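Contents: one structure, followed by commentary.
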Amino acid sequence: MTAFRARFAPSPTGALHIGGVRTALYNYLLARQLGGTFILRIEDTDQTRYVPEAEGYIIEALRWCGIEPDEGPGIGGEYGPYRQSERKAMYGRYAEQLVASGNAYYAFDTSEALSAKRAAYETEKKTFRYDSSVRDDLDNSLAMDKAELHARLASGEAYTIRLKVPAHEIVKVQDLVRGEVQFNSDELDDKIMLKADGMPTYHLANVVDDRLMKISHVIRGEEWLPSTAHHVLLYRAFDWEDEMPQFAHLPLILKPNGKGKLSKRDGAKFGFPVFPLAWRGKTPEDAFDGFREFGFLPEAVNNFLAFLGWNPGTEQEIFSLEELISVFDSTKIQKAGARFDIDKAKWFNQQYIMATDNATLAASIRPLIKAKGHFPTDTFLEAFCGLMKERVTLIPDFWEKGYYFFEDIKKYEAKPVRKKWKPEMRPHFDNLVALLASIDTFDAETIETKTKAFIENNELRMGDILQIFRLAVSGTLKGPSIFDMAALLGKDEVLRRFEVAYARFDEMKSA
RNA sequence: GGCCCAUUCGUCUAGUGGUUAGGACGCCAGGUUUUCAUCCUGGAAACAGGGGUUCAAUUCCCCUAUGGGCUACCA
């Protein structure tokens with residue numbers, strides 16, 4: 001059995017889509033589980049769509065998710081270089097080899113000529129395909145003698161090299177998730193292997209590199225299934241078919257409504273991230289926040305992504321990356337596309353936040369708090385996280401829902417104040433404040449005991465006192481235990497907040 | 001249009017030739033809580049349709065429908 005070697009081969013044309021992250025994750029999971037190798041290869045063969053910042057983005061995004069390649073650009077490895085643009089010269093030789101063995105040919109048709117052809121076919125309601133049925137009538141080396149070919153080649157005229165797909169053959173593709181898939185070669189076009197600019201197309205570069213990098217498993221999105229027939233033909237043409245990698249085509253991640261692949265536009269449209277990290281393109285339209293900026297934890301994103309198109313067959317849903325590595329099973333990969341469900345993603349995030357220890361959470365929210373101009377002690381911040389973590393789903397919620405632990409209350413909820421604040425009760429609250437002021441050990445337990453005793457002794461109602469206590473301290477009815485909040489804020493601050501609140505309450509009551 | 005892939009609650013999914021078709025998210029109701037959240041309990045909610053095969057099909061086969069992908073000198 002040959003060593004397991006899988007690769008993730010994105011094209012650096014922009015931000016890495018979340019579906020790409022899932023593909024990388026599945027490759028990574030299997031590589032780790034089987035003691036294999038996970039390779040990152042940059043497929044930058046399209047010079048027109050190349051975006052320089054994309055490669056760095058891809059690497060950073062994978063790193064954020066905890067998916068570290070064993071080989072790749074900037075990492076090294078025995079089979080480099082790992083950028084296809086740096087392997088350019090080699091592909092030409094392989095393409096020529098294909099021509100020499102009779103499996104490919106030179107084609108001089110310009111893209112303009114071909115589009116004209118397509119347009120002409122279109123008017124007759126037919127579809128033009130550069131294939132075995134028409135290639136003899138087109139401008140290629142199959143239709144000319146040696147002398148003309150040499151002359152044209154020597155003249156420096158631009159040409160492409162096309163794969164000569166054999167006619168009337170059934171091409172069988174073995175797929176790990178779908179079983180055997182068959183294609184009639186008469187339906188397959190003579191795909192370009194080498195473009196006029198000397199660069200290979202995806203098909204050639206992919207097959208050659210997978211071979212040279214000793215890739216054992218090609219795990220990629222379902223959009224590649226149709227062209228896999230060409231890839232099989234290519235392996236055959238090179239006489240590599242016996243050692244062809246295993247294919248596994250993953251179901252696509254669909255829009256929430258199921259109508260099409262999830263796209264970057266959906267993020268803007270529905271207000272959720274579709275990229276791991278923020279991306280700032282050249283135009284305002286090409287700028288997006290990622291899962292990280294929305295406040296997702298990478299572990300939660302991995303867990304969510306792993307379950308989009310796969311599940312372990314048990315009822316456990318929360319899995320760390322390590323657990324996923326041990327339990328992942330390619331035979332349980334789903335065949336049908338999976339819709340993106342942001343609610344489920346948020347639920348995973350909440351689960352992870354609740355399970356994270358306070359110190360770790362404190363460290364991760366400190367930058368956020370700092371950005372707001374506050375520099376609490378670790379002890380304070382950790383206690384804060386402990387009080388809030390069951391009440392947040394995304395990291396920024398810590399601030400949104402708990403800002404009042406760090407600064408003055410911005411807004412008192414009007415409705416409950418008007419409903420609960422009775423100015424005639426003021427003497428009772430003055431007594432309560434005096435009582436609080438007298439507490440020496442201002443901890444939650446003591447505050448609770450004393451306050452509850454106070455309520456009982458004065459024959460007051462819990463709701464009447466505690467709700468106002470809460471409103472005075474936090475401005476809202478929602479939040480952690482009032483005793484915990486009071487203890488964390490400290491006696492002086494609590495007393496001060498009561499003073500501030502009285503004035504505001506009276507004001508709101510009369511308004 | 002052609003080719004390919006797919007189809008279990010709204011969503012992610014488990015599952016079997018004979019099951020009360022299971023779980024999770026979301027939703028609803030109740031409980032716990034001073035509140036919110038967490039947590040607990042309960043509820044509504046699915047085998048796309050039609051033919052076969054079979055004693056029996058959600059499960060196997062075919063067709064249809066629907067959805068998706070591909071159909072570039074893009075990946």
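Convention: sequence-line order gives letters A, B, ...; per-chain numbering from 1. Only a predicted model underlies this, so the values are computations on that prediction, with no experimental measurement involved.
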Could you list all N or O pairs between the protein and nucleotides 72-75 of chain B that sit under 3.5 Å apart?
from: B:rC73; atom 1: O2; to: A:A196; atom 2: N; distance (Å): 2.7
from: B:rC73; atom 1: N4; to: A:D109; atom 2: O; distance (Å): 2.8
from: B:rC73; atom 1: N4; to: A:S111; atom 2: N; distance (Å): 3.4
from: B:rC74; atom 1: OP2; to: A:K195; atom 2: NZ; distance (Å): 3.2
from: B:rC74; atom 1: O2'; to: A:D46; atom 2: OD2; distance (Å): 2.8
from: B:rC74; atom 1: O2'; to: A:R49; atom 2: NE; distance (Å): 3.3
from: B:rC74; atom 1: O2'; to: A:R49; atom 2: NH2; distance (Å): 3.3
from: B:rC74; atom 1: O2; to: A:R49; atom 2: NH2; distance (Å): 3.2
from: B:rA75; atom 1: OP1; to: A:T45; atom 2: OG1; distance (Å): 2.9
from: B:rA75; atom 1: OP1; to: A:K195; atom 2: NZ; distance (Å): 2.7
from: B:rA75; atom 1: OP2; to: A:Y202; atom 2: N; distance (Å): 3.3

N/O contacts under 3.5 Å, protein versus nucleotides 23-25 of chain B?
from: B:rG23; atom 1: O4'; to: A:E315; atom 2: OE2; distance (Å): 3.1
from: B:rA24; atom 1: O4'; to: A:E317; atom 2: OE2; distance (Å): 2.8
from: B:rA24; atom 1: O2'; to: A:E317; atom 2: OE2; distance (Å): 2.4
from: B:rA24; atom 1: O2'; to: A:K344; atom 2: NZ; distance (Å): 3.0
from: B:rA24; atom 1: N3; to: A:K344; atom 2: NZ; distance (Å): 3.1
from: B:rC25; atom 1: OP1; to: A:W347; atom 2: NE1; distance (Å): 3.4

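To the nearest whole angstrom, the two C1' atoms, one in B:rG43 and one in B:rU53, are 39 Å apart. Distance check on atom C1': B:rG2 versus B:rU11 gives 32 Å, rounded to whole Å. Taking the C1' atom of each, B:rC25 and B:rU64 are spaced 33 Å apart, rounded to whole Å. B:rG69 and B:rG10 have their P atoms separated by 22 Å, with the value rounded to a whole Å. A distance of about 28 Å separates the P atoms of B:rC55 and B:rG15, rounded to the whole Å. Atom C1' of B:rC27 sits at a distance of 16 Å from the matching atom of B:rC12, rounded to the whole Å. Between the C1' atoms of B:rU13 and B:rC47, the separation comes to 13 Å (whole Å). One C1' atom belongs to B:rG67, the other to B:rG22, and the distance between them is 26 Å to the nearest Å.
Checked against the 6.0 Å centroid threshold, A:Y202 and A:W224 count as a close aromatic pair. You'll find the ring centres of A:W399 and A:F405 outside the 6.0 Å limit. Ring centroids of A:W310 and A:Y26 are separated by 6.0 Å or more, keeping the two rings apart. Taking the six-membered ring wherever Trp is involved, the centroid distance between the rings of A:F270 and A:F272 falls below 6.0 Å.
Nearest nucleotide to the side chain of A:E222, out of B:rC3, B:rC39, B:rC5: B:rC5. For A:P226, whose side chain is taken as the heavy atoms from C-beta onward, the closest listed nucleotide among B:rC3, B:rG69, B:rU11 is B:rG69.
Position along RNA chain B of the nearest nucleotide to A:M462 versus A:K259 favours A:M462 as the more 5'-ward residue. Ranked by how close their nearest RNA chain B nucleotide is to the 5' end, A:G260 and A:L225 are led by A:L225.
Rounded to whole Å, the distance from CG on A:D397 to P on B:rC36 is 18 Å. Between the C1' atom of B:rU35 and the NZ atom of A:K401 lies a distance of 13 Å, rounded to the nearest Å. Atom CD of A:Q467 is separated from atom P of B:rU33 by 14 Å (rounded to the nearest Å). B:rG2 atom P lies 14 Å from atom CD of A:E122, rounded to whole Å. Rounded to a whole Å, the OH atom of A:Y403 is 19 Å from the P atom of B:rC36. A:K126 has its NZ atom 17 Å from the C1' atom of B:rU71, to the nearest Å.
With hydrogens and angles ignored, no donor-acceptor pair closer than 3.5 Å exists between the side chain of A:R178 and the base of B:rC5.
Panel note: side chain A:T201, backbone A:I192; a donor-acceptor pair is recorded below 3.5 Å.
A salt bridge links A:R7 to A:D210: one of the charged nitrogens lies within less than 4.0 Å of a carboxylate oxygen. Classification of A:D209 and A:R87 as a salt-bridged pair holds, one side-chain N sitting under 4.0 Å from a carboxylate O. Comment: A:K195 does not engage A:D197 in a salt bridge, judged by the lack of any side-chain N to carboxylate O separation of less than 4.0 angstrom. The residues A:D46 and A:R49 are annotated as salt-bridged, a charged nitrogen and a carboxylate oxygen being separated by less than 4.0 angstrom.
Contact annotation for A:G258: backbone-only contact, meaning every heavy-atom pair under 4.0 Å involves sugar-phosphate atoms and none involves a base. Backbone-only engagement by A:F183 is indicated by non-hydrogen atom pairs under 4.0 Å involving sugar-phosphate atoms exclusively. Within the 4.0 angstrom heavy-atom criterion, base atoms lie near A:P480. As judged by a 4.0 angstrom heavy-atom cut-off over every strand, A:G221 is placed among residues making no nucleic acid contact. Base engagement by A:I482 is indicated by at least one non-hydrogen atom pair under 4.0 Å involving a base atom.
When the side-chain nitrogen and oxygen atoms of A:K452 are compared with OP1 and OP2 of B:rU34, one or more of them lie within a distance under 4.0 Å. Proximity of A:Q334 to the phosphate of B:rC12: no side-chain N or O atom is located under 4.0 Å from OP1 or OP2. At B:rU34, none of the side-chain N or O atoms of A:R470 fall inside 4.0 Å of OP1 or OP2 (strictly under the cut-off).
When both pairing distances are held under 3.5 Å, B:rA24 makes a Watson-Crick or G-U pair with B:rU11. Pairing partner, B:rU54: none, since no Watson-Crick or wobble contact has both distances short of 3.5 Å. Pairing partner, B:rU41: B:rA29, with both Watson-Crick or wobble hydrogen-bond distances short of 3.5 Å. In this structure, B:rC3 and B:rG69 make a Watson-Crick or G-U wobble pair, each of the two defining distances being under 3.5 angstrom.
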Checking side-chain contact (heavy atoms from CB on, under 4.5 Å) for the pair A:Y82/A:M213: CA distance, chi angles, key distance, verdict?
CA-CA 9 Å; A:Y82 293 92; A:M213 294 181 182; 3.8 Å; yes
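Between A:F384 and A:F406, the ring-plane angle classifies as perpendicular under the 30° and 60° cut-offs.
Under a cut-off of 6.0 angstrom, the local environment of CZ in A:R265 is sparse, with at most 12 non-hydrogen atoms contributed by other residues, nucleotides or ligands.
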